[in-house]
Amino acid sequence: MTSDPDYPKILLSFDYRGFKIEIARDRFAKQDIYMAWVNHQYGCAMAVPHAKNARLAVKKAKRWVDNRIKQ
């Protein structure tokens, strides 16, 4: 059991087309990485597991939502 769990460090949170997108930052191999969590009425999903910057994470998360709505 880990005494120091790694919680996401949310930088930005916004609503997009009925979904709540949260952009988080972490470090991997001495570099900042960004990920996007998407919350909706049925639960949540990691829409973007890795992006080089926050802007790219937002763009990919919006694309994830758009694709999910089209299905």
Side-chain angles (χ1 to χ4, degrees):
M1 182 171 195
T2 303
S3 63
D4 187 20
D6 187 22
Y7 292 106
K9 294 149 193 82
I10 305 299
L11 301 175
L12 175 66
S13 178
F14 60 95
D15 291 328
Y16 178 72
R17 300 183 75 179
F19 292 73
K20 182 176 182 181
I21 297 175
E22 296 178 329
I23 305 300
R25 178 178 60 204
D26 207 343
R27 292 194 58 81
F28 180 74
K30 299 181 182 179
Q31 291 186 358
D32 285 339
I33 60 169
Y34 298 84
M35 61 218 72
W37 295 88
V38 177
N39 299 297
H40 50 86
Q41 64 183 357
Y42 302 112
C44 66
M46 180 180 273
V48 181
H50 179 274
K52 292 181 181 181
N53 58 53
R55 182 178 292 197
L56 188 57
V58 168
K59 183 178 179 179
K60 287 181 174 184
K62 286 181 174 181
R63 187 179 312 142
W64 186 93
V65 169
D66 292 340
N67 287 335
R68 177 67 78 171
I69 289 172
K70 287 179 186 177
Q71 292 180 357

Between Lys20 and Asp15, does any side-chain N to carboxylate O distance fall below 4.0 Å?
no
Just wondering, do Met35 and Met46 contact through their side chains at under 4.5 Å, heavy atoms?
yes
Non-hydrogen side-chain atoms of Phe19 and Arg68 separated by less than 4.5 Å:
yes
Would you say Leu12 and Glu22 make side-chain contact, with heavy atoms under 4.5 Å?
no
Find out if a path of hydrophobic residues (ILVMFWY) with successive side-chain heavy-atom gaps under 4.5 Å connects Val65 to Phe14.
yes
To the nearest 0.5 Å, atom CD1 of Ile69 lies from atom NE2 of His40 at 11.0 Å
NZ-CG distance between Lys62 and Asn67, expressed to the nearest 0.5 angstrom:
14.5 Å
Taking all non-hydrogen atoms of both residues, which atom of Ile10 and which atom of Ala24 are closest, and how far apart?
CD1-CB, 4.0 Å
Hydrophobic cluster membership, with links at side-chain heavy-atom distances under 4.5 Å among I/L/V/M/F/W/Y: are Ile23 and Val38 in one?
yes
Indicate yes or no: at least one non-hydrogen side-chain atom of Ile21 is less than 4.5 angstrom from one of Val58.
no
Could you go through Tyr16 and Asp66, starting from their C-alpha distance and side-chain angles, then the distance that decides it, and tell me whether this counts as side-chain contact (heavy atoms from CB on, under 4.5 Å)?
CA-CA 9 Å; Tyr16 178 72; Asp66 292 340; 3.0 Å; yes
Closest non-hydrogen contact found for Ala57 with Ala36 is O-CB, 4.0 Å
Could you tell me if the side chain of Arg25 sits less than 4.5 Å from the side chain of Ile33, heavy atoms only?
no
Would you check if Arg27 and Gln31 make a side-chain contact, meaning some heavy-atom pair closer than 4.5 Å?
no
Taking every non-hydrogen atom, the tightest pair across Tyr34 and Asn53
CD1-CA, 3.4 Å
